[in-house]
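For reference, the structure is listed below as structure tokens.
Chain letters run A, B, ... following the sequence lines, proteins first and then strands; every chain starts at 1.
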Amino acid sequence: MNTDKMVYMDHAATTPARTEVIEAMVPYLKERYGNPSSLYAIASEAKQAMENARAEVAHVINSSAGEIYFTSGGTESDNWAIIGSAYANRKKGTHLITSGIEHHAVTHTFHYLHDKGFKLTYIPVDNEGIIKLDAIEDAITPETTLVSVMAANNEIGTIQPVKEIGAICREKEIIFHTDAVQAVTHIPLDVEDMNVDLLSLSAHKFYGPKGIGALYIRKKTRIDSFHHGGGQETRKRAGTENVAGIVGMGKAITISHEKMPLEIPKEIKLRDYLIREIKQNISHTRLNGHPQKRLPGNVNMSIDFIEGESLVLLLDHKGIAASTGSACSSGTLEPSHVLLAIGLPHETAHGSVRFTLGEETTMDDIRYVVEVLPGLVERLRIMSPVYSDFCKRSEKNV
Amino acid sequence: MNTDKMVYMDHAATTPARTEVIEAMVPYLKERYGNPSSLYAIASEAKQAMENARAEVAHVINSSAGEIYFTSGGTESDNWAIIGSAYANRKKGTHLITSGIEHHAVTHTFHYLHDKGFKLTYIPVDNEGIIKLDAIEDAITPETTLVSVMAANNEIGTIQPVKEIGAICREKEIIFHTDAVQAVTHIPLDVEDMNVDLLSLSAHKFYGPKGIGALYIRKKTRIDSFHHGGGQETRKRAGTENVAGIVGMGKAITISHEKMPLEIPKEIKLRDYLIREIKQNISHTRLNGHPQKRLPGNVNMSIDFIEGESLVLLLDHKGIAASTGSACSSGTLEPSHVLLAIGLPHETAHGSVRFTLGEETTMDDIRYVVEVLPGLVERLRIMSPVYSDFCKRSEKNV
Amino acid sequence: MNPRNMGEIPDADGIGEVGNPTCGDIMKISLKIEDERITDVKFQTLGCGAAIASSSMVTELVKGKTLEEAWKVSNKNVADALEGLPPVKMHCSLLAEEGVHKAINDYRIKHDLPPWEEKK
Amino acid sequence: MNPRNMGEIPDADGIGEVGNPTCGDIMKISLKIEDERITDVKFQTLGCGAAIASSSMVTELVKGKTLEEAWKVSNKNVADALEGLPPVKMHCSLLAEEGVHKAINDYRIKHDLPPWEEKK
Ligand SMILES: Cc1ncc(COP(=O)(O)O)c(C=O)c1O
Ligand SMILES: Cc1ncc(COP(=O)(O)O)c(C=O)c1O
């Protein structure tokens with residue numbers, strides 16, 4: 001970085017833990033270090049703190065505390081939900097349904113089950129990234145045991161019709177899992193109202209620590225364990241609990257949930273300003289995803305004639321942290337499967353940039369991005385053989 | 001607790017994180033919060049810290065850094081090692097070998113595989129809890145793909161002949177997994193010298209945080225992924241990394257490893273003093289496990305005519321944290337499978353107490369236990385109908 | 001853990017021993033009975049904290065009661081008086097109820113009375 | 001990211017364009033050649049940071065060299081000059097090598113010389 005400025009615009013990748021969260025955690029690393037499974041006083045302090053956190057998480061999604069199980073993050077929650085329910089209901093059938101725009105924690109888990117003999121149907125999305133509801137209805141067979149559709153997409157931010165999907169699944173008595181990792185505390189969620197049976201969440205997406213998450217499991221849902229061993233989490237998820245992480249997660253979810261009513265309109269305002277300014281100041285750009293049904297903090301633009309990763313590097317040199325595709329897949333060379341699923345051609349999919357806003361984001365930050373971005377795009381376009389070909393063709397056409 | 005005294009004697013259940021560990025972690029929760037998979041500067045700080053920690057872990061077990069994969073703890077490491085290698089080598093065969101005294105994270109994972117059609121052989125241990133080597137040789141068939149035997153037992157502390165088991169497995173070209181959760185930094189370990197292919201460890205057993213562990217996977221070992229999703233951990237273990245936890249684990253393992261040469265003789269001295277004093281001051285007591293081949297900090301005694309859990313409660317009232325059976329199984333009613341495996345009758349297995357010493361343990365702590373314990377045992381024995389019957393019978397016999 | 005009524009009544013009128021060493025809990029209740037009323041009661045228990053607390057509590061609850069009243073003291077009464085027991089420990093309160101029942105029937109049989117029937 | 005030799009040579013003697021938009025990287029190398037020696041070289045690249053850095057580096061490496069010397073500049077030379085590339089980015093340096101090869105052969109074909117053969 002050749003600047004001291006730091007504008008973090010990658011809140012969908014991860015968020016900084018709140019000071020209150022860190023303060024809440026430290027005692028459970030230090031003096032309240034007891035193993036919650038033990039019998040003595042110092043252990044029951046840890047146990048109690050964990051149960052408080054469980055109630056805090058439950059409150060936010062309107063479940064009961066006994067339906068919340070702590071995991072090591074969103075990925076484990078997704079793996080558990082999908083593998084656990086697929087195997088537990090194998091006698092009923094081996095057909096599973098998901099969408100084409102899920103996070104890799106979901107799609108790769110389904111690939112794994114496919115290798116093990118399960119049958120999959122991928123439901124397409126429209127050009128704005130919204131899942132086709134009637135395609136779900138059509139896909140369901142008597143063999144279907146699970147539908148897994150995310151609440152909100154990590155790349156393009158589209159918010160899915162979870163309640164409507166839940167209603168379909170409830171009617172057909174099929175388990176409904178939603179990966180709500182990007183949604184929790186960013187949009188309102190209610191497992192009762194939405195008929196959700198399994199819901200994944202991850203603390204580091206709402207100003208909590210990394211490496212801790214939860215799976216909501218509706219009472220009576222048939223699901224196998226995923227981590228086998230000790231009797232923790234009422235015998236459903238073995239392993240000594242990450243007590244400090246759990247306490248931090250409880251604190252983080254409560255504060256983020258309290259702030260949500262003010263945070264949503266603030267982020268929407270900044271988001272829409274940024275989208276408008278990029279479109280106005282840089283030619284050949286388009287918004288990916290749905291203009292309204294999108295996460296309050298998500299801006300995902302296609303910028304023609306450039307490649308996203310080099311733009312992210314140039315932004316970094318200017319002190320702006322952004323991403324292209326999802327953080328998890330950015331080590332790979334394939335373009336994002338989500339951008340392809342909404343119909344982008346490969347070359348356009350390579351030229352996407354994602355800014356995701358958060359609580360600390362100010363209008364000044366946004367203005368800085370708007371000021372810096374056009375010059376960087378121009379620099380890359382000047383380098384680009386595709387852009388110079390395009391300009392030559394345009395000149396001829398004039 | 002009706003005392004301010006606090007003598008923690010349950011280091012096998014968990015240990016307090018070191019101050020240096022917590023100090024090393026906090027920056028990775030706070031300002032260095034980047035997602036290691038991202039491309040910008042703040043993320044590469046996190047990535048770098050993680051790679052340092054990986055090298056620190058590798059150093060302690062004499063592996064290369066690229067063979068260390070971070071997990072959410074010992075339980076996940078055990079699950080991954082066993083499920084991942086069993087499935088990856090299913091074409092070769094479906095026979096698996098383990099011992100009768102493994103931790104539940106191992107035994108319950110094998111139960112799970114048994115349900116899925118794998119065949120298991122449990123190797124017995126002798127009365128001192130040492131595995132029978134020739135029984136392993138005898139059990140191996142051309143169908144065998146995995147041997148899993150722990151390095152040191154969590155309940156009775158026996159240290160297993162890992163090197164000899166490794167030699168057998170290497171000769172027969174069978175994957176050898178060892179659960180070294182209780183052993184790492186408490187006894188010397190060397191994956192090269194011991195011919196180990198997979199080794200599980202967990203940070204909270206050596207003064208690191210809970211909810212973080214690692215699996216050593218020898219290069220070229222055939223093993224499936226367990227958590228599917230993003231490309232983290234060179235595509236072998238998906239999920240946003242618990243960066244703070246990983247950094248804490250690196251710090252913890254390095255310090256504990258440095259202290260080991262002094263810590264081992266110190267703990268052995270205190271351990272043997274405590275064993276001798278209990279035997280001398282309380283009638284009808286026996287040491288469980290091997291007198292020498294045991295973890296430096298482990299004291300496990302059978303005390304006749306009492307039940308372990310009520311003794312743990314009385315000890316807690318006196319400010320002493322101890323356990324009966326392993327922490328993980330102490331929510332259950334069955335007596336410890338480990339104590340039954342070394343030949344204890346049920347009623348004796350119910351009357352065991354485990355004190356596990358650690359770095360902070362002093363001679364004063366030990367003296368306090370020795371001072372308090374006989375009175376507590378006496379109180380429970382007076383209440384016990386079995387003890388009064390025994391006394392009546394003894395009187396008659398005089 | 002300060003249990004009350006701990007010990008044995010040397011010339012007890014009814015004794016009930018329940019549980020077994022294999023499952024880890026043994027409870028022995030001895031009763032002194034005058035005019036069909038429990039005038040003294042003591043327990044001995046080998047078991048976990050909840051088992052000891054349950055036996056102590058049941059002796060408190062039945063002391064001074066008639067045999068008919070004492071028979072009606074349920075494991076739920078014991079658990080409630082202890083301000084609740086975790087689910088895994090409910091069997092301890094059941095053991096306490098059974099111990100009293102067995103001691104009462106021991107007395108009845110000794111006095112050639114038909115034993116009362118345990119409700120299922 | 002301050003690449004050198006960026007741009008197009010208007011009257012280039014040899015041009016090599018490699019990669020394709022589908023895979024995300026396109027690289028175009030243009031050479032000015034006098035007496036079998038590269039007197040000027042420029043690149044245009046659509047691609048990630050490593051692709052841009054590799055193309056810039058390869059132009060630095062071949063400038064002033066004879067065609068025979070330039071042909072021998074390998075992707076490994078490019079990666080080494082960049083002080084290493086992560087494994088997932090090695091294909092970027094390969095693209096740079098191929099771009100130069102293609103530009104040289106473009107020149108050779110234009111001058112009715114047989115193209116040199118790529119080693120496998
Ligand atoms: C939609 C979605 N699902 C799952 C995950 C995985 O969660 P975690 O990083 O906590 O493993 C992420 C984040 O990376 C995500 O955005
Ligand atoms: C021998 C052994 N293996 C595995 C585990 C499980 O490790 P963790 O608690 O980190 O999941 C433990 C500790 O509880 C243990 O002692």
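- The ring pair (Phe, Tyr, Trp, His ring centres under 6.0 Å) test applied to A:Tyr122 returns no partner, not counting sequence neighbours.
- Of the inter-residue distances, the one linking D:Ile26 atom CD1 with A:Asp389 atom CG reads 8.5 Å to the nearest 0.5 angstrom.
- For A:Tyr387, no part lies near chain D; criterion is any non-hydrogen pair under 4.5 Å.
- Other residues, nucleotides and ligands contribute over 12 non-hydrogen atoms within 6.0 Å of the NE2 atom of A:His111.
- The two residues D:Gly49 and A:Ser310 come nearest to each other via the heavy atoms N-CB, 3.8 Å.
- Other residues, nucleotides and ligands place more than 12 heavy atoms under 6.0 Å from the CZ atom of A:Arg286.
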Query - Test side chain to side chain contact (heavy atoms under 4.5 Å, CB included) applied to A:Leu380 and D:Ile52, step by step - result: CA-CA 10 Å; A:Leu380 290 175; D:Ile52 294 172; 3.9 Å; yes
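- Contact check for A:Pro385 versus D:Leu46: side-chain heavy atoms found under the 4.5 Å cut-off.
- Within a 6.0 Å radius of NZ in D:Lys110, other residues, nucleotides and ligands contribute more than 12 heavy atoms.
- Annotation for D:Asp35: atom CG does not count as buried by contact number, only 12 or fewer foreign heavy atoms lying within 6.0 Å.
- The environment of CD in D:Glu68 is sparse: at most 12 heavy-atom neighbours from other residues, nucleotides or ligands sit within 6.0 Å.
- No side-chain heavy atom of A:Met383 sits less than 4.5 Å from a side-chain heavy atom of D:Lys28.
- With 3.5 Å as the limit, one finds a donor-acceptor pair spanning the side chains of D:Gln44 and A:Ser388.
- The CZ atom of A:Arg379 lies 5.5 Å from the CG atom of D:Asn2; values are rounded to the nearest 0.5 Å.
- No side-chain donor-acceptor contact under 3.5 Å links A:Ser384 to the backbone of D:Thr45.
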